[in-house]
Amino acid sequence: MGVHEICDALHDMKPVLLMVAVQFSFAGVNIFYKLATNDGMSSRILVAYRFIFGTAFLLPIALIFERKSRPKLTWMVLLQGFLSGLFGGSLSQNLYIQSLALTSATFASAIAQLIPALTFVFAVTCR
């Protein structure tokens, strides 16, 4: 097996390797969250730090790449963004970090994998 075949095989396995790397990073983050909450850090502060660092990282990227295609900032867009952040981001993160603090990291990770299945059940129920 030559170098060319190895490169082709690695190129075909890129999505799988990337997904494995993402899962390892999620596991590492869960361990750090568990350590931080065990040391007495408030789960709400932990989530706030996560959103602050995420905003500081993504805001310059969004301003650079999206500057010509930004929609008009109306009150409805602001309200929808606020509600999306409140229910979609912070509520789920606060509940997840709190469950991580009260149980093990293994249990919280396993339960988090049920979210797509529960979403499907709710979608079928609500038609």
Side-chain angles (χ1 to χ4, degrees):
M1 189 175 216
V3 175
H4 186 64
E5 289 87 14
I6 293 173
C7 289
D8 286 340
L10 283 176
H11 181 71
D12 292 339
M13 291 179 52
K14 259 191 223 179
V16 174
L17 294 175
L18 186 61
M19 195 61 214
V20 168
V22 166
Q23 290 300 321
F24 272 113
S25 66
F26 281 162
V29 166
N30 283 337
I31 291 169
F32 285 131
Y33 283 164
K34 181 70 173 172
L35 290 173
T37 55
N38 282 347
D39 284 342
M41 185 173 191
S42 171
S43 61
R44 291 180 185 97
I45 299 298
L46 190 62
V47 172
Y49 281 159
R50 177 181 173 150
F51 284 140
I52 289 169
F53 288 127
T55 301
F57 178 74
L58 288 177
L59 185 66
I61 295 170
L63 290 176
I64 290 170
F65 290 115
E66 300 286 328
R67 67 175 167 239
K68 294 186 179 168
S69 64
R70 260 185 280 175
K72 262 180 102 171
L73 192 60
T74 63
W75 286 106
M76 185 55 73
V77 171
L78 281 174
L79 176 69
Q80 289 173 349
F82 173 75
L83 291 176
S84 176
L86 181 66
F87 294 118
S90 68
L91 181 66
S92 63
Q93 283 298 310
N94 277 308
L95 290 174
Y96 180 73
I97 298 297
Q98 192 63 35
S99 70
L100 191 62
L102 296 174
T103 61
S104 68
T106 305
F107 183 76
S109 295
I111 294 300
Q113 300 303 317
L114 292 176
I115 291 173
L118 290 175
T119 304
F120 177 74
V121 169
F122 286 143
V124 168
T125 304
C126 296
R127 291 189 180 141

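Note that the structure is a prediction, hence the values are computed from the model and not measured.
Looking at heavy atoms from C-beta onward, Phe24 lies in side-chain contact with Val20 at the 4.5 angstrom threshold. A 4.5 Å side-chain heavy-atom check between Phe51 and Val47 finds at least one atom pair inside the cut-off. Taking 4.5 Å as the limit, every side-chain heavy atom of Val124 sits out of range of all side-chain heavy atoms of Val121. In this structure, the side chains of Trp75 and Leu78 come closer than 4.5 Å at one or more pairs of heavy atoms. Side-chain atoms of Leu46 and Arg50, non-hydrogen and from C-beta on, never get closer than 4.5 Å to each other. Between Lys72 and Val77, the closest side-chain pair of non-hydrogen atoms is not below 4.5 Å.
The structure places NZ of Lys34 at 6.5 Å from OG of Ser104, a figure rounded to the nearest 0.5 Å. Once rounded to the nearest 0.5 Å, the distance linking CD1 of Ile52 with CD1 of Ile45 reads 8.5 Å. With rounding to the nearest 0.5 Å, the separation of OG1 in Thr125 from CZ in Phe120 is 9.5 Å. Atoms CG and CZ, on Leu58 and Phe65 in that order, are 12.0 Å from each other to the nearest 0.5 Å. Rounding to the nearest 0.5 Å places CD1 of Ile111 at 12.5 Å from CG of Leu100. Interatomic distance, CG of Leu17 versus CG of Asp12, reported as 10.5 Å (0.5 Å rounding).
Both Val29 and Tyr49 belong to a single network of hydrophobic side chains, linked directly or stepwise wherever heavy atoms of I, L, V, M, F, W or Y lie under 4.5 Å apart. One hydrophobic cluster, built from ILVMFWY side chains closer than 4.5 Å, cannot hold both Leu63 and Phe57; they sit in different ones. Under the 4.5 Å side-chain heavy-atom criterion for grouping Ile, Leu, Val, Met, Phe, Trp and Tyr, Leu79 is not connected to Leu73 through any hydrophobic cluster. Under the 4.5 Å side-chain heavy-atom criterion for grouping Ile, Leu, Val, Met, Phe, Trp and Tyr, Leu118 is not connected to Leu95 through any hydrophobic cluster. In the hydrophobic clustering of this structure, Leu10 does not group with Val16; members are Ile, Leu, Val, Met, Phe, Trp, Tyr whose side-chain heavy atoms approach within less than 4.5 Å, directly or through other members.
Judged purely by distance below 3.5 Å, without hydrogens or angles, the side chains of Ser69 and Glu66 pair a donor atom with an acceptor atom.
The shortest heavy-atom contact between Ser43 and Ile97 is CB-CG2, 3.4 Å.
Using modelled atom types, no side-chain atom of Ser84 and backbone atom of Gln80 make a donor-acceptor pair closer than 3.5 Å.
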